[in-house]
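What follows is a short report on a single structure.
As a basis for the values below, the full set of heavy atoms in this structure was taken, side chains included, without hydrogen atoms, waters or symmetry mates. Treat the numbers as computed from the prediction; the structure is a model and nothing was measured.
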Protein chains: 2
Amino acid sequence: MKPDKEPTTKDNGAEEHSYYRPAVAVDVLIFTIINEKLRILLIKRGIEPFLGKWAIPGGFVRENESLEETAIRELAEETGVTDIYLEQLYTFGEPERDPRGRVISVAYYALVPSGKVGVLSAATDVTEAKWFPVNDLPELAFDHRQVIDYAIKRLRWKLEYTSVAYSLLEEEFTLTDLQRIYEIILNRPFDKRNFRKKILSLNLVEPTGKKVVRGVHRPAQTYRFKKRQLSLVEIT
Amino acid sequence: MKPDKEPTTKDNGAEEHSYYRPAVAVDVLIFTIINEKLRILLIKRGIEPFLGKWAIPGGFVRENESLEETAIRELAEETGVTDIYLEQLYTFGEPERDPRGRVISVAYYALVPSGKVGVLSAATDVTEAKWFPVNDLPELAFDHRQVIDYAIKRLRWKLEYTSVAYSLLEEEFTLTDLQRIYEIILNRPFDKRNFRKKILSLNLVEPTGKKVVRGVHRPAQTYRFKKRQLSLVEIT
DNA sequence: CCAAAAGTGTTTGCTCTACACCCATGG
DNA sequence: CCATGGGTGTAGAGCAAACACTTTTGG
């Protein structure tokens, strides 16, 4: 139970005694789209430091629990959802990030389908939690502003080069739904014809055969994502 | 000094006492190119577990030292070099990765210019360290095989989409040098004319005006990287 | 019949690929 | 003068961008 030289063995036996052990937390950035805006789930701090400020939900790693398991647990505690897109983002370890002492925090980010969101926001009302549009954030605790900025950059990048976008949609969706995800997150318009051409040429999506009527206009074909597996470039 | 609820405040006061604190290590994957091969610096373990197996150099985070500082320190201890490309790779935290107890390890990877290598391999002879070609690795300790595989994937990706390649070269280099870096790491040939056209069109490189003679043939123009700063896509 | 989103092709420019020969040097 | 890598251009294919009208529905 007392690691002495891991993971290396650079034999300068000077460090045989107990090592300095920082606290290790996992923070989970939970994104979704509500009302045409990319939003993140934040919780209001009830204690010092940063009392009253908003923060990314997170918690400490437990014994016998992997980092990913911690993230999944946190996610479930906050939102009740499981089985959604989750990816390690970055590990933040500046000594001064927490005024109370050293905390190394491994950040993950999760994408929740826009549809499950009603449920979520209800479930999270108990502990003071809210979905904030990412371009209208409140005052944040710790270095959480930078963490969020970094996550958004990564999300934008992933959206352009992989198929994460599907993680923000329900099983069945229209191509317009998909296009809207891209437009909202990347914050620029796409040409409808070119967009559809590109998506269909990627062959990641197939029509369900069903149509859905969503207003006083022509019904739309719905599609489903072929394999519920992500990305061509599965390197972060 | 005793963080109680960081970084979140999900008020279930059950965890007010001292948290479980795993050991936190930083491992540094140091890559370079020697003799037309991509190589990684490994050290031989002198103690159990995995005695005699090779491992990625690393060490524990110290108080008041950021993760990056730890990585820089490890890198300097192993190789003597400073001021080289360093990037956080991933954080590995499976509870069973170290048989002796929980160790969370934040992996960084570094790229050392091919030229500084002579110096390095000499300097590292003291502690049993060796440069191994990445496609001819010895038996490795812990989960280090996967860590290396992951790093190589990331390195390949970075090479294609950013300008990390320059981190493996000296200040001044020929276009053939650069092409060779790409060919070695991506393990496929490039067309000389197309390669040069592309590199020059990116405008990241400028001729030094000097030429270098390196054999019984026409001397080559040398170039330098315009801004010693990396990547267009500065995300992960 | 009107409003609103769904759906659909073609042209143009640009980027990527394939490909072969002359040049400068040292021995 | 020979061997060796340095250096250069062009044509064709495939991909990305721009762009406008018809269809289906509910009210």
Closest nucleotide of DNA chain C for Leu175(A) versus for Asn194(B): which of these residues is on the 5' side?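 Nearest nucleotide further toward 5': that of Leu175(A).
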If you assign Lys198(B) and Lys192(B) each to the DNA chain C nucleotide with the nearest heavy atom, which residue ends up on the more 5' nucleotide?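 The answer here is Lys198(B).
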Expressed in angstrom and rounded to an integer, what is the separation of [X] atom [atom1] from [N] atom [atom2]?
X: Phe195(A); N: dA5(C); atom1: CZ; atom2: P; answer: 17 Å
X: Lys210(B); N: dA24(C); atom1: NZ; atom2: C1'; answer: 20 Å
X: Arg193(A); N: dT11(C); atom1: CZ; atom2: C1'; answer: 12 Å
X: Lys197(B); N: dG6(D); atom1: NZ; atom2: P; answer: 18 Å
X: Asp191(B); N: dG12(D); atom1: CG; atom2: P; answer: 17 Å
X: Leu202(A); N: dC15(D); atom1: CG; atom2: C1'; answer: 12 Å
X: Leu200(B); N: dT15(C); atom1: CG; atom2: P; answer: 15 Å
X: Lys211(A); N: dT24(D); atom1: NZ; atom2: P; answer: 8 Å

Worked verdict on Phe173(A) versus Val205(A) for side chain to side chain contact (heavy atoms under 4.5 Å, CB included): CA-CA 10 Å; Phe173(A) 51 87; Val205(A) 113; 3.6 Å; yes
Quick check for you: to the nearest 0.5 Å, what is the distance between Leu140(B) atom CG and Asp149(B) atom CG?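 It is 9.0 Å, given to the nearest 0.5 Å.
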Of the options dT25(D), dG7(C), dA24(C), whose atoms approach the side-chain atoms of His217(A) most closely?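 Per side-chain heavy atoms of His217(A), the pick is dT25(D).
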Shortest side-chain distance from Val216(B), nucleotide among dG6(D), dG9(D), dT25(C):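 Of all the options, the side chain of Val216(B) is nearest to dT25(C).
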Restricting to non-hydrogen atoms, name the atom on Ala110(B) and the atom on Ile84(B) that form the minimum distance, rounded to 0.1 Å.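 Heavy atoms of Ala110(B) and Ile84(B) come nearest at CB-CD1, 4.2 Å.
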By the definition salt bridge (Lys or Arg N to Asp or Glu O under 4.0 Å), identify the one residue from Lys198(A), Lys153(A), Arg188(A) that meets it with Glu160(A).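 Single salt bridge (Lys or Arg N to Asp or Glu O under 4.0 Å) partner of Glu160(A) among Lys198(A), Lys153(A), Arg188(A): Arg188(A).
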Base, sugar-phosphate alone, or nothing: which one does [X] contact when heavy atoms must sit under 4.0 Å apart?
X: Arg214(A); answer: nothing
X: Thr174(B); answer: nothing
X: Thr176(B); answer: sugar-phosphate

Can you spot which of Arg180(B), Arg214(B), Gln221(B), Lys211(B) makes a side-chain hydrogen bond (donor to acceptor under 3.5 Å, both in side chains) with Thr174(B)?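 Single pass found, and it is Arg214(B).
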